[in-house]
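Each remark here refers to the structure printed beneath this line.
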Amino acid sequence: MVALLDIKGLRVEFPSRRGHVVAIQDLTLELAPGEILGVVGESGAGKSTIGAAVSGLLEPPGEVTGGEVRLKGERIDNLDEHQRRAIRGRRIGMIFQDPLTSLDPLQTIERQLIDTIDHHLAVGEKEARARAVNLLDQVGIPDPNVRIAQYPHQFSGGMRQRVVIALALAAEPELVIADEPTTALDVSVQAQILELLKSLCREKQVGMILITHDMGVIADTADRVCVMYRGRVVETGVTTQIIGAPRHDYTKSLISAIPRPDRRSRRFPLVTYIEGEEERPEKIDLGSHWLGQSRDFGAGEDVMLKAEDLRMEFLTQRSMWRSKRKYLRAVDDVSFEIRSGEVFGLVGESGSGKSTIARLVTGIYRPSGGSVTFAGQDLTALKTRAEAAPWRRQMQMIFQDPFSSLNGRMRVRDIVAEPIHFHRLAGSREEAQKIVKDLLELVGLGAAAAVRFPHEFSGGQRQRISIARALATRPRFLICDEPTSALDVSIQAQILNLLKDLQEQLQLSVLFISHDLPVIRQMCDRVGVMRHGKLLEVAETETLFQRPSHEYSRHLLDLMPKLEGLRREEVMEGQSVA
Amino acid sequence: MIGFIATRLFQSVIVMLTVALIAFALFRFVGDPINNMVGQDTTLEERAALKERLGLNDPFFIQFARFAGNAAQGEFGFSYQHRRPVSELVAERLPATLELSLISAILALAIGIPMGVYTALRRNGLLSRAFMTLSLIGVSLPTFLIGILLILFFGVILRWLPTFGRGEVVDLGGWTTGLLTESGLRSLIMPAITLALFQMTLIMRLVRAEMLEVLRTDFVKFARARGLPDRYVHFKTALKNTLVPVITITGLQLGSIIAFAIITESVFQWPGMGLLFIQAIGNVDIPVMAAYLVMIAFFFVVINFVVDMLYYAVDPRLRVDARGGH
């Protein structure tokens, strides 16, 4: 039998002035109809380039410089643009990462579907519409006859990804390339979308290449896995084997770096295979250092932060009349306490109000009701910025996206020094620069980073800069809002270890917000579960994971990607050694 | 939708009243209106009587209300210089300015948008680079210089086109148009190009920048990945999305075409509102200046209102409240 997709010795290069960058080299893989092949690897490994090369959508100047790609036995890598276009959509469907931006906002779903179907199959407007409705039904959109006339913004994220899938399958392709199809979605929606993709592949005998950085997604979905590292395939095999008994060193360390949902460990295992990682610098004795010293807070409050009946409403419909205004209750009477030196986790799906709480606590938003008490001071009672400044100084925030949270026009030393100058914490410019240097050492960047600009750093390194900036005011309370969601597994492990070390050494209290349960389990002492603006349950982390008391917590835990089943062999090995 | 229109209309009225207030203040407090109207030998008693008759002794708000009420009906009093009602002068001059502005706007859009799209799609093409370079000249040369150069070249050296005035006009029941006679059309060419050039280059650069932005978006990539032809992706998907922000800027620019017609009208001695205004400034003809101010504000408000409505029509995301969403 001829394989659906057969790639042999593929090589993709991006010529540049400083010599050619080889994005993929010597890639060989096969895919059968109805099969799901997972491609995993970290960012920059060349995963997405495979999809682009197969569909002929390589961004110039990228080009295929070697090997061949066959679809059902025909070569497709040497076609001209016109022939390629005839294959795209018709024989190869693509699904992209972000459903919120994948659809034309100014056209109805109907228009987009009909135009795609009619272009490829030339069945006429009426038949195309019938097919479109049928497709929407298949991808699980309720009332397809009504919803087809709507615009993309009228659908939720998960529903939009279903529409994207319908569009990708509109011309009945034989092969689908899904590039991180669920990365932008919540866990519960992710599970539904993966289930949908799986069943569609089986039913229609469509082969799928599933590109992702998430091992959990692979474990749930793929039949076979291909692990990529720096443009090469390091290992290919059946999913259970790759996850349960990886052979290559890189795969082993990659899998061990995934935060374990099933048990708590002291530190996150690092991806040790990565070459050229910076050494951890010699330790700075924090006890005698500026950072540890003269922390001018009254010692020994038991409760660091206390939120009482915190409420936040956003106006969703304006009106001159009070009674006609509509509000969205983003945070609904939430009360919790964070003790001194504790890491308190908040977990929930997007829109549950986690980040709004962070903003209320830091004072970015003013609450509609309730109060925030920080170290014995009611923050909501402070009226002016000047009054609030000393308290704000003691709480700092680390944001999710390291690419947009640093000012690209400032040097790292100025970014880190900014809060020091703002709060007048240093006597002179020289003193401030000395502190900046130490901070950069502390977060593992080295003092040489000071004179560079943020764009010269990778995502993980930028997050280290953010941490250094947050520590610059000698805070005692840190708010981390999804600090590692934008990072690769290996980088995530490093950053979380760093945060954990700093938390212990500086006895920080931390509000740690994440949607990622395994990460929460490793990081937090106590956890609150949020949904629709309400805090459903607060429990000790271990209690929550072993005996969740609220139904929704159980539901969330059930949705966690299951690596354990596949990992049994490894777990047994570990036990026998112990 | 109705609420949206009502709010916008309400805001428009506020803007117009504010401008009317400024115009009124100009009329009432810059110089003495009586002095401007009467001769040297008028006695003090006559002046006082005139003041009383014109209602200048009434309280401020009553005077303003009268001014606003008259302005709403197109009455701005008598021109000091021409000794005729301002409304008559405006009615005579307005068609010239509107015709010139309209033709310029059409020129700017009809050439600017396609050029913007072309330079965005063929970013490195020879023609694109030529357009970009030329547009730089268009943006940086002052309008009057372009006008003078055109006159010198086509009017004086080649003698192809008339260098001033509107040519022959046809009267269509109160509206004089130069669009129906050959000399009228020939006279229109150079002023229209002069006035359009700056807007055209601006629109072109704007469309190009927006288009490049849109071409990088995921939905364009996804449309390509579905194998849709370039024509569809470029014009049905990308261009429509490009136009959303372009509409706002273009709307404002059209307003300024009318307002900035002053310079072009002066260079070409075009008998429009702008020329009238310049002469009014020279002669401290305050009623004319006040009328001009209010008219220009009115055009801006109307154009902005239309732009908001267009926005509403083009972008379904704004319609979410009206349709109930989700």
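Labels below follow one simple rule: chain letters A, B, ... track the order of the sequence lines, proteins then strands, and each chain is numbered from 1.
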Contact class of [X] relative to chain B, heavy atoms under 4.5 angstrom:
X: Gln112(A); answer: both
X: Leu57(A); answer: side chain
X: Ser55(A); answer: neither
X: Ile177(A); answer: neither
X: Arg84(A); answer: neither

Step through the shown structure and confirm whether more than 12 heavy atoms of other residues, nucleotides or ligands are within 6.0 Å of [atom1] on [X].
X: Arg123(B); atom1: CZ; answer: no
X: His82(A); atom1: NE2; answer: no
X: Glu213(B); atom1: CD; answer: no
X: Arg66(B); atom1: CZ; answer: yes
X: Phe298(B); atom1: CZ; answer: no

Given 3.5 Å as the limit, does a donor-acceptor pair link the side chain of His120(A) with the main chain of Arg226(B), or not?
yes
Do the non-hydrogen side-chain atoms of Leu228(B) and Arg85(A) ever get within less than 4.5 Å of each other?
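No, side chains not in contact.
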Closest approach of Pro105(A) to Pro316(B) (non-hydrogen atoms, all atoms of both residues)
O-CG, 3.3 Å
Would you name the heavy atoms of Gln107(A) and Tyr232(B) that are closest together and state the gap between them?
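Minimum heavy-atom separation between Gln107(A) and Tyr232(B): OE1-OH, 3.5 Å.
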Thr237(B) portion near chain A, given a 4.5 angstrom heavy-atom threshold:
both
Could you tell me the separation between the CG atom of Leu239(B) and the CG atom of Leu106(A), rounded to the nearest 0.5 Å?
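Nearest 0.5 Å value for the CG-CG distance: 10.5 Å.
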Could you grab the distance from atom OG of Ser102(A) to atom CZ of Phe222(B), nearest 0.5 Å is fine?
6.0 Å
Tell me whether Asp104(A) is salt-bridged to Lys236(B), with the criterion being a basic N under 4.0 Å from an acidic carboxylate O.
no
Among Val244(B), Asn241(B), Thr7(B), which has the most heavy-atom pairs under 4.5 Å with chain A?
Asn241(B)
